[in-house]
Structure formats: C-alpha cells, structure tokens
Amino acid sequence: MKIEIAENAGFCYGVMRAIEIANRALKEYKSLYSFGPIIHNPQVVEEYEKKGLKVIETLDEADGPVLIRSHGVPPKVYEDIEKRGLKVIDATCPFVKEAQRYAKQLYDEGYKVVIFGDNEHPEVKAHLGYTNYTASVINSPKTAASIKASRVGVVCQTTQSVERFGLTIGELAKRIRELKVFNTICDATEKRQEAAKELAKRSDIMIVIGGKNSANTRKLYEICKENSRNAYHIETEIELEKNWFDGIENIGITAGASTPSYIIERVYKAIRDIVNG
Ligand code: SF4
C-alpha cells in the first residue's frame, strides 16, 4: 500500500503571503476586518475568526483596519475604505495586481477590454472595476463570438486553464483586427493541476482536500476523477470513509490552493491509520 502526496499540493504563494500579512496585522491591531473570507477554506476562516479576523460583506460592518484578500478588490473599495478613515491592509496577490494593472492599461489605451474568466469569481469582479465596468467576461472559444469590437485587449483570471485560454484567443484572432493579449495566468495552478493529473494516473484513488466553495479545488477534483479510478473531495479527515480504501493499492492526495499543510498532514495520517487497521 502506497500513500503519496502530489507535488505543489496546498497553499500557493499568494495565499501564503495573505496569511502572513493577516498574522502580522493581528499582532498589531485589536480588531481586523476581512473583506470577504480570507481564503476559500471554512476551517481556516473559522480559525482566524477566533484570532480576531472578522469576515465582512459590506464596509458598514467595519470599524477598524480592513484586510484585502489575495483575490483583490475594485478601485472603488479602496476609495470607500479611505473615505471612512479606515486603514487598508492589502494582501492582494502581486500576480493579481499585475492583471489589474494590465486591465487598466488596456482600458486607458481605448481597447475593448475582455476578461477571460469566471463572471462570479471575486478576482474577475475586481478586474472589471479597473475597466470602469466596461469589460466583457468570456470563458470559452464559443463565448468569444460575442465580442464584436475591432480593437480588443485581453487579460485573464490568474487561475484559468492555459489550454482553454489559448483556444479562446485563437477564436478571437480569427475575427479581430487589433488584438492585444496579456497572459496573466499564474503557473501555480497549472503546476498543481499537472502534478495531480500525473499522480491520479498511477493511483487507484485520489483524495482531494479543500473548501467545497473553492473553485480551484473543485477543478482539481474533476481532473482527478478523469484520471484515476476513483476520487473524493473532502474538507477534513472527518469525511474519510473506511470502505473507500478496501482493496486499494495506491492512494494519492492533493489539495487546493487554500488548504493549509496541517490539514493535508492530518488527512495523510488518518488515511495511514485506516489502511493500517
Ligand atoms: S494562484 Fe497564483 S495568482 Fe492566485 S493567489 Fe495563488 S499565486 Fe497568486
């Protein structure tokens, strides 16, 4: 019986950095407010609530420094925080900031800005703000057909798939005369997905750890399901079931970008205890 953890499983650079920024701020301030959950992981959010980081959905709920999570926020949120005389603690991932800068640059240069990503994702909602809410959001080669302008500038949600992005750009290139593209995909996601795929191919079962509300974890789960005999998406070791491991030889584990290493460790140990009886 072999239990293997995929390379690049768990926290990415941007999430780790946001957690470190929150840790430092919690030492400095009595009350700290996170504009939306700091990461898409309920266990970590709960742990930080106990430490004094309160999740808010509107600025009316804040009366102390406001932490901006790694996904970033539109420019108006910074303005509103400052208008209220509150301090901004900015944990936006530098790679997300770069995409925001490109979105603004394209807008200022007069391009019709197109964001390749998921309409509902907070990172995309923030990018939209840097184009004064004029950008269009597309997420597939098919949806590229809806873009009619002659000068188009494209940026991408950092966690999108390179393959799908390439196909979509190909579609745009067929019809658009002037096309300027910033590939703002972050390779942390791609590396994690590739490693999970490789491990899934040689595993009988894949355990994918991460928040049920985490888009990148759900994507990892899909990849694992396609490439292994069986896959399960769990948040913590409590959800593991003994019968999943009956007659199994090779067990693979991976985890989304918002999963801390201590949760991965706990799942690993719980699986080891189950298989060792
Ligand atoms: S996935 Fe990449 S861009 Fe997104 S937070 Fe992590 S390091 Fe930053």
Side-chain angles (χ1 to χ4, degrees), residues 6-25 34-45 48 53 55 67-74 77-78 88-105 115-130 135 137 139 154-166 181-197 208-224 233 254-261 263-264:
E7 277 181 42
N8 305 301
F11 277 2
C12 63
Y13 160 76
V15 168
M16 191 111 69
R17 181 175 170 274
I19 293 283
E20 280 165 11
I21 291 173
N23 285 339
R24 281 200 300 273
S34 173
F35 197 63
I38 180 163
I39 56 175
H40 285 150
N41 184 298
Q43 289 72 32
V44 175
V45 170
Y48 274 81
L53 181 64
V55 179
L67 180 94
I68 307 297
R69 57 190 174 169
S70 57
H71 299 315
V73 289
V77 174
Y78 290 101
V88 174
I89 295 173
D90 197 351
T92 309
C93 174
F95 301 129
V96 173
K97 277 252 184 230
E98 186 181 48
Q100 292 172 346
R101 272 197 303 277
Y102 286 139
K104 181 171 183 330
Q105 179 188 323
I115 301 167
F116 180 76
D118 168 7
N119 231 333
E120 291 304 313
H121 196 280
E123 183 190 318
V124 171
K125 288 183 178 170
H127 289 347
L128 275 165
Y130 288 86
V137 182
N139 62 6
V154 187
V155 291
C156 188
Q157 180 187 338
T158 53
T159 47
Q160 288 293 315
S161 124
V162 178
E163 205 182 331
R164 209 169 153 90
F165 183 52
V181 180
F182 287 109
N183 177 358
T184 50
I185 295 177
C186 158
D187 69 353
T189 306
E190 209 193 340
K191 283 184 183 156
R192 188 182 308 103
Q193 291 177 353
E194 273 307 309
K197 189 173 175 182
V208 183
I209 318 162
K212 298 273 160 74
N213 58 346
S214 154
N216 79 81
T217 308
R218 287 201 303 265
K219 180 74 194 160
L220 266 187
Y221 169 62
E222 273 169 36
I223 291 170
C224 291
H233 177 180
T254 187
S258 328
T259 308
S261 53
I263 293 187
I264 302 175

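Just so it is clear, the values below take in all heavy atoms, side chains as well, and ignore hydrogens, waters and symmetry mates. Just so you know, ligand 1 is whichever comes first in the structure, and atom 1 is the first atom listed for that ligand. Nothing fancy with the numbering, it's 1 onward along the sequence.
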Subject >> Steps toward side-chain contact (heavy atoms from CB on, under 4.5 Å) verdict (Val155, Phe116) >> reply: CA-CA 6 Å; Val155 291; Phe116 180 76; over 6 Å; no
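Side-chain atoms of Ser214 come within 3.5 Å of backbone N or O of Thr217 as a donor-acceptor pair.
Here the protein heavy atom with the shortest distance to atom 6 (Fe) of ligand 1 is Cys12 SG, 2.3 Å. Here the heavy atom of the protein found nearest to atom 4 (Fe) of ligand 1 is Thr158 OG1, 3.6 Å. In terms of protein heavy atoms, atom 7 (S) of ligand 1 is closest to Gly14 N, 3.3 Å. Remark: minimum distance from atom 2 (Fe) of ligand 1 to any protein heavy atom is reached at Cys186 SG, 2.3 Å.
Other residues, nucleotides and ligands contribute at most 12 non-hydrogen atoms within 6.0 Å of the NZ atom of Lys191. Counting non-hydrogen atoms of other residues, nucleotides and ligands closer than 6.0 Å to NZ of Lys97 gives a total above 12.
Residue contacts to atom 8 (Fe) of ligand 1: Cys93 brings an N, O or S atom closer than 2.8 Å.
Annotation: salt bridge (Lys or Arg N to Asp or Glu O under 4.0 Å) contacts of Glu98 (sequence neighbours excluded): none.
Atoms of ligand 1 found under 4.0 Å from any heavy atom of Phe95, numbered from 1 in the order shown, are 3 (S), 7 (S), 8 (Fe).
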